[in-house]
Amino acid sequence: MKNLVTIKLNKEYKRAYFQGKFKAHPVLVTYLVPNRQKGNKIGITTSKKIGSAVVRNRSRRVIRAAYLAVRERIVFPKGYDIVFVARPDTALMKSTKLEKIMEKQILFLLQENAAQRKKKFRKEKGSS
RNA sequence: UGAGCAGGUUGUGUAAUAGCGCAGUUUUACUGUGAGGAAAGUCCGAGCAUCACAGGACAGGAUAGCUGCUAACAGCAGCCGGAGGCGACUCUAGGGCUAGUGCAACAGAAAGAAACCGCCCUGACUUUUUAGGGUAAGGAUGGAAAGGCGAGGUAAGAGCUCACCAGCAGUGGGGAAACCCAGUGGCUAUGUAAACCCUAUCCGAUGCAACACCGACAAAGAUGUAUUCGUUGGUCCGACGGUCUUGAAAGGUGGCAGAAAGCAAUAUGCUUUUGAGCACCAGCGGCGACGCGGUGCAAAGAUAGAUUAUUACAUUUAACAGAACUCGGCUUAUAGAUCUGGUCAUUUU
RNA sequence: UGGGGUGUCGCCAAGCGGUAAGGCAACGGACUCUGACUCCGUCAUUGCAAAGGUUCGAAUCCUUUCACCCCAG
């Protein structure tokens, strides 16, 4: 896919799950963690629990289409690893609806991340 | 018109915007192309690859009416036997318990060559009863009781005799065979082989995570020419090998999208050969599966895994559902639409 | 993708052609002033993942399907 880097190693997925912030919704769960590279890397998880191969493929496509639309609008301060986890109802959604949900989630998580960094920064200042 | 039977086809379409994989080229933009009838389950059969260009025996496994079709098969076609349906038609693991062994709980006298009750005869005692023998017609148990049923026959009975029916053996006729038909004979030991087993036929093992090649690192140790070691399966034989073992590890390409060769160069083309390739035919042969012949087609080939997302219209929401080395089948899932050919009943002519 | 295995009460499980053992838990009762421990009893009921078949008889044998688990990168 053009200009779209995907996460490939299991290590990187685990990093996103354990260190990253997450926001949940009945249709989509988003994990977000900053990486040290330029540009975002995304990963999509569709487990066997959500349905058959047709359902998994469909939800993967919908998420990818939604991300491509969302990427145009949001300005990321730096590179992030983003992992999207599909839910059973994801395949029934339209990608336009999913866009709005995803946009909210990512903006929320970016704020959280920024807030956390400021806190850390202050703490370090105070201790020193 | 109603009910019912068998079989086939299709498996959303169109437009706009944005986007992805692969191939090609005038190389970064265009052109072409891009999921299924089951791609599924992985239940069979093959190709292909490696191990000896795959050998023998045992073990193990598979199949099981007959004849054909097929590269092969547990598939398909036609037929035979059996079961069901008024019928169209459907279903059918359908070799052998008279080769041997095992099992048949409980009940019942007895589950394999049987006497509990009953019936009959004889003896004892003669009030009841009791001993021996004969008897498979009746009772009781059971899924199953020694061919079934009727008549003759008898002390009572019994294929003891006879008619019909079932089964077995051998005879004659028909058929390619399963098998069918006819008459003869002796008079018959139940069920179970999807129990062990026997018979016939077939099967070497491992699966593309097979396997081949490329690039790059470090080098060490052991054996000593055969009753050892290693190389492929459970075992043995046989065969082959001289070198074998080990450390660290991770990647790429091919296999893989019909194959091979040639020709041409504003392109993705053309030609030839080849293959269990696919589709079609008012062609030929065959009842048919199918074969022969002819014509046409053959461009999904990913590798964290492309083949789409959104909107509008049609008619509503399309059902089951996503290729991973490739084919032939089987099985299972499947909304709706549609076509063809039989059958039965009723009404009208 | 390929290979292998398992489904029996709420849980752990035995049984592998002839009435579905046992333990824990649960429920009822006894003991106790009450609770625990202990003792006694009940608990699969047309059923052994589901559907067909073989058999007199199937959890067990055969076929198909479903769910789950393990191994191989």
Side-chain angles (χ1 to χ4, degrees):
Chain A
M1 214 171 249
K2 226 180 190 179
N3 301 327
L4 208 152
V5 186
T6 54
I7 299 171
K8 287 174 183 168
L9 296 176
N10 194 21
K11 210 165 56 176
E12 292 178 311
Y13 274 98
K14 279 186 176 170
R15 202 171 76 90
Y17 290 142
F18 288 113
Q19 296 181 15
K21 297 280 175 189
F22 77 95
K23 181 75 179 168
H25 187 269
V27 172
L28 185 75
V29 183
T30 306
Y31 290 82
L32 188 135
V33 68
N35 63 7
R36 294 182 182 176
Q37 298 157 352
K38 289 183 183 176
N40 293 342
K41 290 170 77 175
I42 67 156
I44 303 169
T45 302
T46 52
S47 75
K48 256 187 185 176
K49 279 180 194 170
I50 69 166
S52 62
V54 173
V55 173
R56 295 201 300 272
N57 281 342
R58 158 92 189 165
S59 42
R60 225 177 292 152
R61 283 168 192 150
V62 168
I63 288 168
R64 206 181 294 149
Y67 173 73
L68 285 172
V70 167
R71 193 175 59 166
E72 305 291 319
R73 290 185 230 145
I74 300 179
V75 181
F76 291 94
K78 54 175 185 174
Y80 289 96
D81 283 356
I82 311 173
V83 174
F84 300 106
V85 179
R87 286 283 173 86
D89 293 334
T90 309
L92 304 174
M93 296 289 289
K94 296 283 184 188
S95 75
T96 46
K97 284 187 186 175
L98 198 73
E99 276 174 36
K100 291 172 190 170
I101 296 163
M102 189 186 280
E103 196 174 353
K104 273 187 191 173
Q105 285 186 343
I106 290 175
L107 287 174
F108 177 83
L109 288 169
L110 284 173
Q111 270 189 1
E112 280 266 300
N113 227 306
Q116 196 189 29
R117 293 192 69 223
K118 276 181 189 171
K119 272 185 190 173
K120 264 191 179 176
F121 197 62
R122 276 180 203 159
K123 270 187 183 175
E124 280 170 15
K125 260 195 171 180
S127 64
S128 65

Counting Watson-Crick and G-U wobble pairs only, both distances under 3.5 Å, name the nucleotide matched with B/C168, or none. B/G185
For B/U10, the nucleotide meeting Watson-Crick or G-U wobble distances (both under 3.5 Å) is B/G336
Strand partner of B/U316, provided both Watson-Crick or wobble distances fall under 3.5 Å: none
Write out a two-atom table: protein N or O, nucleotide N or O from nucleotides 307-311 of chain B, distance below 3.5 Å.
from: B/U307; atom 1: OP2; to: A/R61; atom 2: NE; distance (Å): 3.0
from: B/U307; atom 1: OP2; to: A/R61; atom 2: NH2; distance (Å): 3.2
from: B/A309; atom 1: OP1; to: A/R58; atom 2: NH1; distance (Å): 2.7
from: B/A309; atom 1: O2'; to: A/S95; atom 2: OG; distance (Å): 2.7
from: B/U310; atom 1: OP1; to: A/R58; atom 2: NH2; distance (Å): 3.3
from: B/U310; atom 1: OP1; to: A/S95; atom 2: N; distance (Å): 3.1
from: B/U311; atom 1: OP2; to: A/K94; atom 2: NZ; distance (Å): 3.3

Return the nucleotide paired to B/G293: Watson-Crick means purine N1 to pyrimidine N3 with N6-O4 or O6-N4, wobble means G-U with N1-O2 and O6-N3, both under 3.5 Å. B/C281
Rounding to the closest angstrom, what is the interatomic distance between B/G269 and B/A289 at atom P? 37 Å
Could you tell me the Watson-Crick or G-U partner of B/G241, where both distances fall under 3.5 Å? Say none if there is no partner. B/C229
With syn defined as a glycosidic angle within 90 degrees of 0 and anti as anything else, the base of B/G37 is syn
With C1' as the reference atom in both, quote the distance from C/G22 to B/G139 in angstrom, rounded to an integer. 47 Å
Once you round to the nearest 0.5 Å, how far does CG of A/L109 lie from NZ of A/K21? 9.0 Å
How should the glycosidic conformation of B/G34 be described, syn or anti, under the criterion that syn lies within 90° of 0? anti
Under the salt bridge (charged side-chain N to carboxylate O under 4.0 Å, His left out) test, residues paired with A/E103 that sit two or more places apart: A/R73
Taking the C1' atom of each, how far is B/C58 from B/A209, in whole Å? 34 Å
Using the P atom on both, measure B/G286 against B/C69 and round to a whole Å. 15 Å
For B/A323 versus B/A300, give the span between their C1' atoms, rounded off to a whole number of Å. 8 Å
Which distance, rounded to the nearest 0.5 Å, do you find between the CZ of A/R64 and the CZ of A/F84? 12.0 Å
Calculate the interatomic distance between A/R71 atom CZ and B/G19 atom P; express it in whole Å. 11 Å
What's the gap between B/A46 and B/U206 when it is taken at their P atoms, as a whole Å value? 14 Å
Is B/G143 in the syn or the anti form, by the rule that syn lies within 90° of 0? anti
Using purine N1 to pyrimidine N3 plus N6-O4 or O6-N4 for Watson-Crick, or N1-O2 and O6-N3 for G-U wobble, both under 3.5 Å, which nucleotide pairs with C/G7? C/C66
Considering Watson-Crick and G-U wobble pairs with both distances under 3.5 Å, what does B/G32 pair with? B/C22
Pick the P atom in B/A239 and in B/G56, then give their distance to the nearest Å. 15 Å
Using the C1' atom as the reference point in each nucleotide, state the distance between B/G24 and B/C73 in Å, no decimals. 43 Å
Applying the 4.5 Å side-chain criterion to the ILVMFWY set and letting contacts propagate, would A/L98 and A/V54 be lumped into a single cluster? no
d(A/I74 CD1, A/L107 CG) to nearest 0.5 Å is 4.5 Å
Just how far is it from atom CG of A/L32 to atom CG of A/N113, taken to the nearest 0.5 Å? 6.0 Å
Please tell me whether A/Y31 and A/V33 are part of a single hydrophobic cluster in this structure, the criterion being side-chain heavy atoms less than 4.5 Å apart. no
Name the orientation of the base relative to the sugar in B/U232: syn if the glycosidic angle is within 90° of 0, else anti. anti
Taking a pair to mean Watson-Crick or G-U wobble geometry with both distances below 3.5 Å, B/G269 pairs with B/C263
A/T30: side-chain hydrogen bond (donor to acceptor under 3.5 Å, both in side chains) partners, not counting sequence neighbours: A/Q105
